[in-house]
Amino acid sequence: MVPQWIIEKKRDGHVLTAEEIRFFINGYTQGTIPDYQMSAMAMAIFLKGMTPEETAVLTDTMMHSGAMVDTSSIQLPKVDKHSTGGIGDKVSLILAPLAACAGLAVPMISGRGLGITGGTLDKLESIPGFNVNLSEKQFIETIHKCGFSMIGQTGEIAPADKKLYALRDVTGTVASIPLITASIMCKKMAEGIDSLVLDVKWGTGAFMRTVADATALAQSMVRVGKAMNKGMVALLTDMNQPLGRTAGNALEIIESMECLQGQHAGDDLMNITMALTAEMLVLGKQAATVDEARGMLEKIIASGAAFAKFKEMAALHGADVSALDDLSKLPKASIAKPFPAPAAGYLAKVDAESIGRAVLVLGGGRQKTDDKIDYGVGTSGLAKIGDKVAKGQPLVVVHANSEEKLAQAMAYVEKAFEISAQPVAAPKAIVARITG
Ligand code: URA
């Protein structure tokens, strides 16, 4: 087969055969197809799309480009959750210990921040000593001991995605439904899970900007998972404003630990977390309905078991758990500056993208792949759409480690808020549930 003829076929909008997709992806993984041909192919897929059948073959080929995690020794139902990424999205940190307390095994392979979206691994690494780089053996042992573990993608899992993802990041080909589907699903299916719950985000802080695109992405991922005989549910959730009250690594750990101890019930963050975890419990047959599951989860939080479970997992990952009991031991920025409301009224907009950009320029995310994260910076005390605010009331507190970065971040923060004289309804946190 000739690589450029396959690129031309996709460029002209034709359907590729399974053999052509496998030839191309395997060649790229092994290095016989160079970056420039893969870049052209990624752009052709971005522009012309793929059929469900092509997407399924792409996912399967990328999954089989590396090893599968052997979870056969785990007897509990193995259920995971994956989010397509957003600002202030700390759901995994709360959901995984809750699900483990309710009887599931959660073998979670997470990612780092990407663009302006935060990453679970960076958040975990803001806890002193936390090691996200466990071997597969240690990963499985940790799950045997406490029901869940959260690690990074090892070199063995889906190497085709590792290579292709880095290429997409710099060739303008990230926000493509077949490419995102294959990228997420090849890693999740390699985890050896029985079922998967997806949190597919839409809005200014998400890769999918409209409900229609997010629906298409959710349907594409659910279809691929079901074809691989996995239990699948996707919730479509709002990412026009950041999730919860904080954005930035250590600040998000603080909010998550508070949530695990029963604070922030009723916030969008806890509403989404409870809904996703309840879906996991039903897929894993620990509850018959999502309502029953919610009742179980509320009791688990109230008993203190969820917070204890997170600390147990963190200790097994080498973390200094005293920093979770005394959150002042987590990394902290030297400057904390409130941003006051310029007028009285109701918050009509709290733009996720602007807050994400503010956190990035503060050093809470990476501008280059090898940038070091500044764990203490970010935003806290965020007011939410629909809140009634008085003139001068802080809408958010910006945490910075230099006056220069503070000024850069404030320029984005100023653009994030819009205040209306008329009352504004809070947006729906969950807009749809997709099962097929
Ligand atoms: N997360 C992934 O792992 N891959 C994508 O393509 C997008 C989000």
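In each ligand, atom 1 is the first atom listed, and ligand 1 is the first ligand listed. Predicted model only: the values in this text are computed from it and were never measured. Residue numbers count from 1 along this sequence.
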Which residue owns the protein heavy atom closest to [atom], what's the atom, and how far is it?
atom: atom 3 (O) of ligand 1; value: Lys187 NZ, 2.5 Å
atom: atom 1 (N) of ligand 1; value: Ile184 CG1, 3.7 Å
atom: atom 4 (N) of ligand 1; value: Ser183 OG, 2.6 Å
atom: atom 5 (C) of ligand 1; value: Tyr165 CE1, 3.2 Å

- [ ] Find the distance between CD (Gln241) and NZ (Lys349) and round it off to the nearest 0.5 Å.
- [x] 12.0 Å
Ligand 1 to [X] polar contact by distance, N or O atoms, under 3.5 Å:
X: His82; value: no
X: Thr84; value: no
X: Arg168; value: yes

Residues [X], [Y]: salt bridge by 4.0 Å N-O rule:
X: Arg22; Y: Glu19; value: no
X: Lys188; Y: Asp80; value: yes
X: Asp35; Y: Lys163; value: no

Open item on the list: For His399 and Ser380, which I'm curious about, is there any donor-acceptor pair between the side chains at under 3.5 Å?
Closed with: yes
Could you pull out all donor-acceptor pairs under 3.5 Å where a side-chain atom in residues 108-126 meets a protein atom, sequence neighbours excluded?
from: Arg112; atom 1: NH1; to: Asp122; atom 2: OD1; distance (Å): 2.9
from: Arg112; atom 1: NH1; to: Glu125; atom 2: OE1; distance (Å): 3.0
from: Arg112; atom 1: NH2; to: Glu125; atom 2: OE2; distance (Å): 3.1
from: Thr117; atom 1: OG1; to: Leu114; atom 2: O; distance (Å): 2.6
from: Asp122; atom 1: OD1; to: Arg366; atom 2: NH2; distance (Å): 2.8
from: Asp122; atom 1: OD2; to: Gly113; atom 2: N; distance (Å): 2.8
from: Asp122; atom 1: OD2; to: Arg366; atom 2: NH1; distance (Å): 3.1
from: Lys123; atom 1: NZ; to: Asp89; atom 2: O; distance (Å): 2.8
from: Lys123; atom 1: NZ; to: Glu252; atom 2: OE1; distance (Å): 2.8
from: Ser126; atom 1: OG; to: Lys123; atom 2: O; distance (Å): 2.6

